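What you are looking at is a predicted structure, and each value in this text was computed from that prediction instead of being measured. To find a chain, count down the sequence lines: A is the first, B the second, and so on, and within it residues start at 1.
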2 protein chains.
Amino acid sequence: MAHDLDTGLTSTDPPAGTLARKIANDLRRNILLGVLEPGSAVKERDNAEEMGVSRTPMREAIRILAQEGLIILRPSRSPIIANPSLQETSDDLEVIIALEVLSGELACRNASDADLAALVAINKRLVAAYDQADPLVLFEIDMDFHRAIALAAHNPALARTHAAYLGRLWRTRFLNGRRRRNRQRVILQHGAILDGLLARHPEATGTAIRVHLENLMPKTREFYSLRDDMAAVKQPAALARPVTDRS
Amino acid sequence: MAHDLDTGLTSTDPPAGTLARKIANDLRRNILLGVLEPGSAVKERDNAEEMGVSRTPMREAIRILAQEGLIILRPSRSPIIANPSLQETSDDLEVIIALEVLSGELACRNASDADLAALVAINKRLVAAYDQADPLVLFEIDMDFHRAIALAAHNPALARTHAAYLGRLWRTRFLNGRRRRNRQRVILQHGAILDGLLARHPEATGTAIRVHLENLMPKTREFYSLRDDMAAVKQPAALARPVTDRS
DNA sequence: TTTCGGGATTTGGTATACCAAAACTGTTTG
DNA sequence: CAAACAGTTTTGGTATACCAAATCCCGAAA
């Protein structure tokens with residue numbers, strides 16, 4: 001199960017086990033890992049032939065990824081790998097904060113002992129991997145933690161929506177590069193969230209989640225400005241392009 | 001534009017103007033109005049032939065509606081019109097409350113004068129239609145109001161997600177029957193929301209929205225128990241089925 | 001009468017073929 | 001030399017054909 005990367009399990013939508021599903025998972029992995037360049041076209045004909053499948057399931061796979069926000073569909077033009085701007089990313093962040101705070105509050109009311117045990121176990125994994133594992137592993141544990149919170153709320157719709165946002169944000173964070181600083185802080189903040197949940201204290205839990213996620217906002221900004229700086233090769237600001245690089 | 005009923009405009013996902021889109025809009029209208037019985041099967045072959053189109057766009061339309069939550073896809077079985085249980089509906093309600101409170105708070109910061117003017121105009125329409133219009137018109141104005149709040153937040157992702165939940169909840173409310181009581185209260189509560197927005201006071205706005213939407217919770221419960229009672233023809237409670245009527 | 005089995009049928013999943021619109025290219029023309 | 005143009009190509013949208021799994025139905029056996 002290591003390195004699964006299947007972040008988009010929307011239970012309702014496309015029947016599992018179908019070819020379209022497999023293609024979608026495959027494409028998603030390549031998108032998340034950056035194998036497929038953001039902004040590049042996804043031509044259903046070429047990709048289908050390349051993978052040895054027909055256009056129909058490939059087409060459906062593209063739609064699945066589109067609804068997850070990883071691919072942008074354009075009228076009468078090739079779909080392209082999404083390349084979210086800073087604005088879009090912080091928009092997503094705002095939404096996921098609200099969703100996850102709600103999850104935390106609901107989890108205080110609805111979580112089963114098994115749910116909480118799972119949270120504790122994930123946290124243990126994170127601490128254990130503190131200073132040895134590679135960043136990708138840490139990232140996945142981090143994702144698991146947040147996913148588990150949404151699951152513990154026992155609201156399937158919420159979990160589904162949350163998972164979609166988590167996937168998009170995770171991809172952005174991953175592609176922007178992962179830093180090994182601040183691990184200590186992440187562990188502390190996860191601990192605070194866990195404390196709130198174990199005490200079944202909605203306000204404390206919500207606050208802890210909010211604090212934790214709001215940390216990502218300046219970090220994301222930092223990543224983007226870093227990227228822009230690299231693109232501008234430290235040229236004077238007068239030459240800088242506007243922040244949004246998408247039409 | 002009267003009676004449009006196209007609640008599912010997800011800008012990203014499926015290119016507008018395509019046949020699949022038109023079919024989806026058509027199907028959605030029939031589902032929302034109850035022409036298509038909840039729980040009934042949607043056979044892509046039959047429906048396609050009936051509408052004089054091929055299976056491919058019909059298939060895609062079904063997927064669109066599935067992702068909106070109006071149709072449930074099952075492995076190797078015909079998709080069926082969603083028939084949300086009370087539990088699922090209140091789950092959706094919990095989520096939309098969080099989304100719309102966030103929208104209101106963001107709107108206090110981001111709304112343009114035009115956005116606020118639009119809100120005021122919609123509210124005026126509602127007051128004007130107070131005691132004359134048929135319930136469907138009122139319903140649409142109500143939807144427009146909430147949609148406009150999400151739009152005023154200037155967060156496209158939020159607006160998209162909010163619209164999806166609004167569509168599902170609206171359908172449930174509509175199918176459960178619309179009452180003409182409490183119009184006065186709705187108008188007052190919309191007014192309170194509007195006041196908060198015009199004052200750009202996030203807390204007041206958020207609270208007003210929360211109060212307004214939390215009203216729906218007991219009302220929804222009432223509708224469902226009424227429905228169950230009708231199904232049981234007022235028989236002794238011992239014969240009542242469990243609340244969830246879906247597998 | 002009930003139950004079990006097998007074949008016909010229904011249905012979604014997949015592959016392929018066709019079409020029209022948009023994009024591209026190389027040329028022509030002012 | 002630049003801009004416009006026409007033919008070709010590329011590409012997504014749609015229709016149709018084929019396949020396999022699940023279902024359904026009916027008859028035979030206990």
So, [X] and [Y]: side-chain donor and acceptor under 3.5 Å apart, yes or no?
X: A:Y165; Y: B:T161; answer: yes
X: A:H154; Y: A:D115; answer: yes
X: B:E88; Y: B:S85; answer: yes

### Stretch residues 41-48 of chain A: residues that reach within less than 4.0 Å of DNA chain D through a heavy atom
A:V42, A:K43, A:E44, A:R45
### Query
How would you list, by chain and number, every residue that makes a side chain to side chain donor-acceptor pair (under 3.5 Å) with B:E44, sequence neighbours excluded?
B:R55, B:R59
### Task
Report yes if a side-chain nitrogen or oxygen of A:R55 is closer than 4.0 Å to either non-bridging phosphate oxygen (OP1 or OP2) of C:dA15; otherwise report no.
no
When the distance from [atom1] of [X] to [atom2] of [N] is rounded to whole Å, what number comes out?
X: B:M51; N: D:dT14; atom1: CE; atom2: C1'; answer: 14 Å
X: A:R74; N: D:dG13; atom1: CZ; atom2: P; answer: 11 Å
X: B:L19; N: D:dA15; atom1: CG; atom2: C1'; answer: 11 Å
X: B:M58; N: D:dG13; atom1: CE; atom2: P; answer: 17 Å
X: A:I80; N: D:dT11; atom1: CD1; atom2: P; answer: 15 Å
X: B:E60; N: D:dG12; atom1: CD; atom2: P; answer: 13 Å
X: A:R59; N: D:dT14; atom1: CZ; atom2: C1'; answer: 8 Å
X: A:E49; N: C:dT16; atom1: CD; atom2: P; answer: 11 Å

### Query
Quick one: ring-ring contact (aromatic ring centres under 6.0 Å, His included) partners of A:H146, sequence neighbours excluded?
A:H190, A:H212
#### Entry: By side chain to side chain contact (heavy atoms under 4.5 Å, CB included) - contacts of B:N30 (at least two apart)
B:D26, B:V35, B:L36
### Angle by which the axis turns from one end of the helix from C:dT1-D:dA30 to C:dG30-D:dC1 to the other, five pairs per end, to 10 degrees
10°
Gap between atom [atom2] of [Y] and atom [atom1] of [X] - 0.5 Å precision:
X: A:L27; Y: A:I64; atom1: CG; atom2: CD1; value: 10.0 Å
X: B:R109; Y: B:N155; atom1: CZ; atom2: CG; value: 9.5 Å
X: B:M58; Y: B:E50; atom1: CE; atom2: CD; value: 8.0 Å
X: B:R125; Y: B:L138; atom1: CZ; atom2: CG; value: 10.5 Å

### Message
Counting distance alone, no hydrogens or angles: does the base of D:dG13 have a donor or acceptor under 3.5 Å from a partner atom on the side chain of B:R21?
### Response
no
### Task
Heavy atoms only: give me the nearest B:I122-B:A148 pair and the separation to one decimal.
CD1-CB, 3.7 Å
Below 3.5 Å is the cut-off: list the nitrogen or oxygen pairs between protein and nucleotides 20-24 of chain C, distance only.
{"from": "C:dA23", "atom 1": "OP1", "to": "A:R77", "atom 2": "NH1", "distance (Å)": "3.2"}
{"from": "C:dA23", "atom 1": "OP1", "to": "A:R77", "atom 2": "NH2", "distance (Å)": "2.7"}

### Task
For B:T56, report the nucleic acid contact type (base, sugar-phosphate, nothing); a contact means any heavy atom under 4.0 Å.
base
